[in-house]
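Notes for the one structure printed next.
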Amino acid sequence: VYDQVLSRGGNIDGKESETAKTGKYKTSVHHSRDSADKQWATTEVLVIQGLNRVLRNHFAQLLETTGNVKVEVGKSSTAGGAPWFVGAWSRILELALHAATRVGGRDTLDLRSSGLDLVILCSQLSCRAGVQAAITPARVGTNMEVVNGALRSVGEAKFAKIQDDDKQISESVSLCRKELFVSSFDTLSKFQQHLEDGQDDEEDLKSSYLEPVQVQVLQRLVGGLSKLFDCCKDEELRPVNLGDSQRLVMERLLLLEAKNIEREDYEARFVALLTTVAGSAVGDHTRFIPHAQQSAVDLLRDMVANGSGRSLKGLASIAGHAFFWVSDRDSSDGNNSGGPDVDAVSREAAKVVSDEINNELLSAETKAGVLCVLLSVFVAESDKESWKLESTAPAEPNRKRSFKLFIPIMESGLSNAGKLDASDNSEFLELVDLLWDRVGMVLALMLCPIHIASHAPYISQAANLAKLMKSAAEYAPTRRQNEVSLLLSSGVLKSIDIARDHATHDLSNSDGKVRSKKRHDD
């Protein structure tokens with residue numbers, strides 16, 4: 001049916017097509033139905049919603065039809081001998097993705113939303129827990145609906161539960177369900193690629209704002225992903241315990257941007273999709289976070305609360321340099337010295353990481369790895385011309401240095417690095433050595449005086465920097481104590497020199513005198 005509708009319908013590009021003349025009598029038509037393309041788009045929406053209802057109500061019966069045919073997970077469903085339902089499932093996902101990625105304006109919103117709903121539903125139905133895991137029981141149920149203007153009694157919706165441990169479910173049906181879930185999740189990854197390609201196009205057009213329809217589509221997507229997480233959080237999206245698998249890959253601990261993720265690593269792929277949504281263009285210096293981006297950050301927070309270390313790293317990748325810089329309107333205790341742009345989404349992600357870093361469900365290597373990467377972010381950004389630590393250029397008035405959110409990361413990362421240092425795992429020891437190398441480099445950079453025109457030099461965020469130095473001195477392993485002692489000595493000498501410069505520096509305006517005195521006291 002959908003193939004027939006798709007073949008007859010026109011392409012929706014946001015432009016109205018000419019309608020056929022109906023004679024001397026003119027009929028008033030709503031603007032959402034005043035062209036053949038819009039009418040066919042509505043027909044497509046109805047067909048997709050029909051597919052949604054059929055799968056929701058009869059998935060268990062349809063899945064049972066695959067019981068007598070052998071299915072291998074990861075193999076193409078078009079191969080000879082595959083169950084007809086597997087082939088139909090693949091076709092349904094193709095049609096849903098085609099609808100979800102349709103290009104156009106407001107007229108395509110319902111079509112794109114319906115396509116996403118169908119993809120999410122397919123993922124829910126084919127997961128081990130089933131769609132019922134995401135259903136919140138209603139407080140009041142009347143089992144009534146309006147039919148032709150009258151209230152009619154209807155039966156309560158029932159969902160068959162598909163479980164691998166059910167004795168009535170054969171092994172072939174279980175394998176088929178896994179194959180269906182893999183196909184559904186692959187479709188979500190394809191939609192992620194569509195979003196990333198769209199962001200590349202926006203960068204080419206030098207536009208940093210999403211179209212209103214795309215914002216609504218992203219919000220629909222995140223809402224569906226939240227339901228999918230409720231279904232899969234104990235099975236497919238369960239946090240991976242590296243200790244149980246006896247393997248620790250350094251790249252996974254130290255790289256924030258996921259590269260070459262394995263197909264069956266659903267948790268990492270899910271986090272990558274949410275990171276893409278949260279990092280979507282929202283405009284420069286945006287004061288308020290769009291609903292879709294806020295929902296994505298909140299969902300990542302829920303995953304961290306469930307013990308997902310990858311979600312914590314995903315949030316850290318969104319935050320980036322927001323751990324070290326803050327917008328002028330967000331803080332009054334920072335120091336002006338220029339810096340990179342800090343948008344509202346990055347700042348919110350940084351707050352979540354700072355709040356959740358001490359979660360007991362997170363492993364010690366995750367906390368140490370996040371600290372190690374953020375130290376690398378600081379070093380990389382300090383080399384850029386836009387915010388060098390020593391600069392003679394005037395300060396940008398809308399950016400301030402701030403280490404307030406970074407202090408909990410430093411304390412937790414170093415304390416957990418001490419736990420790793422006590423183990424016999426060679427990869428843990430390698431991570432600890434790399435971490436302390438970067439700690440020494442970052443603290444040395446932070447201790448470099450800031451030179452601002454018409455002002456005496458000063459050390460930015462001296463009070464917070466003292467807390468960072470205290471953490472380094474407290475948790476330094478024996479083999480690193482000499483390096484930390486040298487850093488402390490260097491900080492003392494530089495502080496004395498700067499205090500002497502401030503004491504003898506004559507500023508021309510009273511405001512400058514107050515600011516100079518505050519920095520002298522720090």
Side-chain angles (χ1 to χ4, degrees), residues 250 253-256 312-313 316-317 319-326 334-335 337-340 342 346 350 353-354 357 365-391 399-418 420-421 430-451 457-477 479-495 498 522:
M250 292 299 295
L253 285 176
L254 303 180
L255 292 181
L256 289 176
L312 188 71
K313 296 178 188 120
S317 69
H321 47 244
F323 287 99
F324 312 107
W325 293 92
V326 63
N335 296 113
S337 59
V342 180
S346 300
V353 176
S354 184
I357 190 64
E365 58 267 24
T366 295
K367 298 175 182 180
V370 169
L371 172 61
C372 193
V373 177
L374 291 179
L375 293 173
S376 299
V377 170
F378 185 89
V379 173
E381 292 291 344
S382 66
D383 292 335
K384 294 184 179 180
E385 190 68 26
S386 60
W387 60 298
K388 284 186 176 181
L389 292 177
E390 295 190 33
S391 173
R399 291 292 176 266
K400 291 182 178 180
R401 184 77 59 76
S402 176
F403 300 148
K404 182 178 180 180
L405 295 178
F406 183 65
I407 292 175
I409 312 295
M410 186 77 160
E411 294 176 350
S412 179
L414 293 182
S415 63
N416 283 276
L420 299 179
D421 193 46
E430 181 182 351
L431 173 61
V432 172
D433 288 335
L434 180 60
L435 173 61
W436 279 102
D437 287 341
R438 296 181 181 179
V439 167
M441 186 182 303
V442 167
L443 291 179
L445 289 171
M446 289 180 175
L447 286 171
C448 291
I450 301 292
H451 294 275
Y458 65 96
I459 296 179
S460 178
Q461 289 284 290
N464 288 331
L465 180 54
K467 296 179 181 179
L468 297 177
M469 297 291 292
K470 180 180 178 182
S471 298
E474 181 179 356
Y475 297 110
R479 62 182 183 279
R480 295 281 184 169
Q481 289 180 356
N482 290 336
E483 299 176 21
V484 175
S485 299
L486 291 176
L487 283 172
L488 291 173
S489 301
S490 175
V492 169
L493 294 176
K494 290 181 180 179
S495 298
I498 291 176
D522 289 342

- Note on the structure: What one should report as the nearest heavy-atom pair of Tyr475 and Ser415 is CE2-CB, 3.5 Å

- Item | Non-hydrogen side-chain atoms of Leu468 and Met446 separated by less than 4.5 Å | yes

- Message: Checking Glu411 now: which residues fulfil salt bridge (Lys or Arg N to Asp or Glu O under 4.0 Å) with it, not counting sequence neighbours?
- Response: none

- If you round to the nearest 0.5 Å, how far is CZ of Arg479 from CH2 of Trp436? 10.0 Å

- Do the non-hydrogen side-chain atoms of Leu414 and Leu435 ever get within less than 4.5 Å of each other? yes

- Task: Indicate the atoms forming the closest heavy-atom contact of Val370 with Ala316, along with that distance.
- Result: CG1-CB, 4.2 Å

- Item | Electrostatic pair Asp421-Arg480, nearest N-O below 4.0 angstrom | no

- Item | Nearest non-hydrogen partners of Leu420 and Glu365, listed with the distance | CD1-CA, 3.7 Å

- Working to the nearest 0.5 Å, report the span between CD of Glu474 and NZ of Lys467. 14.0 Å

- With sequence neighbours excluded, residues passing ring pair (Phe, Tyr, Trp, His ring centres under 6.0 Å) with Phe406: Phe324

- Task: Quick one: pull up CD1 in Ile409 and CZ in Phe403 and give me the separation to the nearest 0.5 Å.
- Result: 14.0 Å

- Output yes when a side-chain donor or acceptor of Ser490 lies under 3.5 Å from a complementary backbone atom of Leu486, and no otherwise. no

- Atom CG of Leu431 and atom SG of Cys372: how far apart are they, to the nearest 0.5 Å? 6.0 Å

- Looking only at heavy atoms, what is the nearest atom pair of Ile357 and Lys367, with distance? O-CE, 3.0 Å

- Spatial distance of atom CD1 (Ile407) from atom CG (Leu465) [nearest 0.5 Å]: 9.0 Å

- Where the side chain of Ser354 meets the backbone of Ala350, is there a donor-acceptor pair that is under 3.5 Å apart? no

- Close side-chain approach of Val353 to Phe323, heavy-atom, < 4.5 Å: yes

- Task: Find the distance between CG (Leu312) and OG (Ser317) and round it off to the nearest 0.5 Å.
- Result: 10.0 Å

- Check Leu443 against Met410 and note the closest heavy-atom contact, atom names and distance. CD2-CE, 4.3 Å

- Message: Could you report the tightest heavy-atom contact between Leu375 and Val442, atom names first, then the distance?
- Response: O-CG2, 3.5 Å

- Without swapping roles, check the side chain of Arg438 against the backbone of Leu374 for a donor-acceptor pair under 3.5 Å. no

